[in-house]
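Below, all heavy atoms of this structure are taken into account, side chains as well, without hydrogens, waters or symmetry copies. Within every chain, numbering begins at 1; the chains are lettered A, B, ... in the order of the sequence lines, protein sequences first and strands thereafter. Here the structure is a predicted model, which is why all the values come from computation and not from measurement.
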Amino acid sequence: MPVLPPETLHEWNLSPAEAVALQSRLASRVVLEDRFAPVRRVAGVDIGFEDDGATTRAAIVVLDWQAGGPPFEVVEQVVYREPTRMPYIPGLLSFRETPAALGAFARLETRPELVMVDGQGIAHPRRLGVASLLGLWLDLPAIGVAKSRLCGRHDEVGDTRGEQTPLVHKGEVIGTVLRSRTRVKPLYVSPGHRVSQAAALEWTLRFLHRTKLPEPTRLADRLASRRDASGRR
DNA sequence: GCGACAG
DNA sequence: ATCTTGTCGC
């Protein structure tokens, strides 16, 4: 799908302090209301690192929601790698991950109506996790589904599948802590962009099958870790 | 000042 | 994140 040149993001070439300031500015543009086109194709995104961090790898799996499931029909999938440009700094992970994710989207033929990302949405100190930055950049509805907490506090979640409790940071509800599987570490679900808090949770629940992760993210995760992941399929 | 800290 | 085999559960 057509995407602004990822290079633009690299060219920001920001110091940590500048990146922090930019996050705050961009966060003001995040939309927390449902602004969807009818959802048919949903993209699951997973970004990870190889070679001790030297390489960034982004995997995308596009599912057809209207075709029914589970199992959901896989419409397209892409794995894309490029040299890592920035170190890992808590709170600035999105700058490290997003360039590769944009490279992967640029190589995707399908334009999804919804994006689900492995990482935080607004459940971030400055309300701009990877899912928000990616959603803004692509101008698509995006949801963050993280496997652990970055910031905020919450009550203990019941240990049974389906139980949930709000994630609160500085008096704001920034997400939902969701027990996706009984006796398994909970997920941290938050809106990325163009999605309400309620819809972010609803879509996540809709894609939850028997596993800890919702299907889009789970399949992207799995695709990323395949030995023969040579690109497309 | 002391911890915490997405992937 | 990643390094890794077996093992338990659906």
May I ask you to test the [X]-[Y] pair for a side-chain heavy-atom distance under 4.5 Å?
| X | Y | value |
| --- | --- | --- |
| A/V177 | A/Q164 | no |
| A/V39 | A/P112 | no |
| A/L114 | A/W65 | no |
| A/R127 | A/Q23 | no |
| A/T204 | A/R206 | no |

So what does [X] touch, heavy atoms closer than 4.0 Å: a base, only the sugar-phosphate, or nothing?
| X | answer |
| --- | --- |
| A/D52 | nothing |
| A/E97 | sugar-phosphate |
| A/L187 | nothing |
| A/G91 | base |
| A/R149 | sugar-phosphate |

What range of DNA chain C does chain A touch, first nucleotide to last, counting atoms under 4.0 Å from its heavy atoms?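 On DNA chain C, the outermost contacted nucleotides are C/dA1 to C/dC10.
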Check the distance between [N]'s [atom2] and [X]'s [atom1] and give it to me in whole angstrom.
| X | N | atom1 | atom2 | result |
| --- | --- | --- | --- | --- |
| A/I89 | B/dA4 | CD1 | P | 20 Å |
| A/E50 | B/dG7 | CD | P | 17 Å |
| A/L134 | B/dA6 | CG | P | 19 Å |
| A/L93 | B/dG7 | CG | P | 8 Å |
| A/L167 | B/dA6 | CG | P | 13 Å |
| A/R153 | B/dG3 | CZ | C1' | 14 Å |
| A/F95 | B/dA6 | CZ | C1' | 14 Å |
| A/Q120 | B/dC5 | CD | P | 12 Å |

Salt bridge check: are A/D139 and A/R194 linked by an N-O gap of less than 4.0 Å? yes
B/dG7, B/dC5, B/dA6: which one has an atom nearest the side-chain heavy atoms of A/D118? B/dG7
Please determine if a side-chain N or O atom of [X] lies less than 4.0 Å away from the OP1 or OP2 oxygen of [N].
| X | N | answer |
| --- | --- | --- |
| A/K147 | B/dG7 | yes |
| A/S148 | B/dG7 | yes |
| A/Y88 | B/dA6 | yes |

For A/G192 and A/S132, work out which heavy atoms get closest and say how close.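 Shortest heavy-atom contact: O-OG, 2.8 Å.
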Let me have DNA chain C in dot-bracket notation, would you? Count Watson-Crick plus G-U wobble pairs, both distances under 3.5 Å, and use [ ] for pairs crossing earlier ones and | for inter-strand partners. ..........
Nearest 0.5 Å, please: how far is CZ in A/R149 from NZ in A/K185? 10.5 Å
Ring pair (Phe, Tyr, Trp, His ring centres under 6.0 Å) evaluation trace for A/W137 with A/F105: CA-CA 11 Å; A/W137 202 270; A/F105 270 102; over 10 Å; no
Do A/F207 and A/F72 have their ring centres less than 6.0 Å from each other?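 For A/F207 and A/F72, the ring centres are under 6.0 Å apart.
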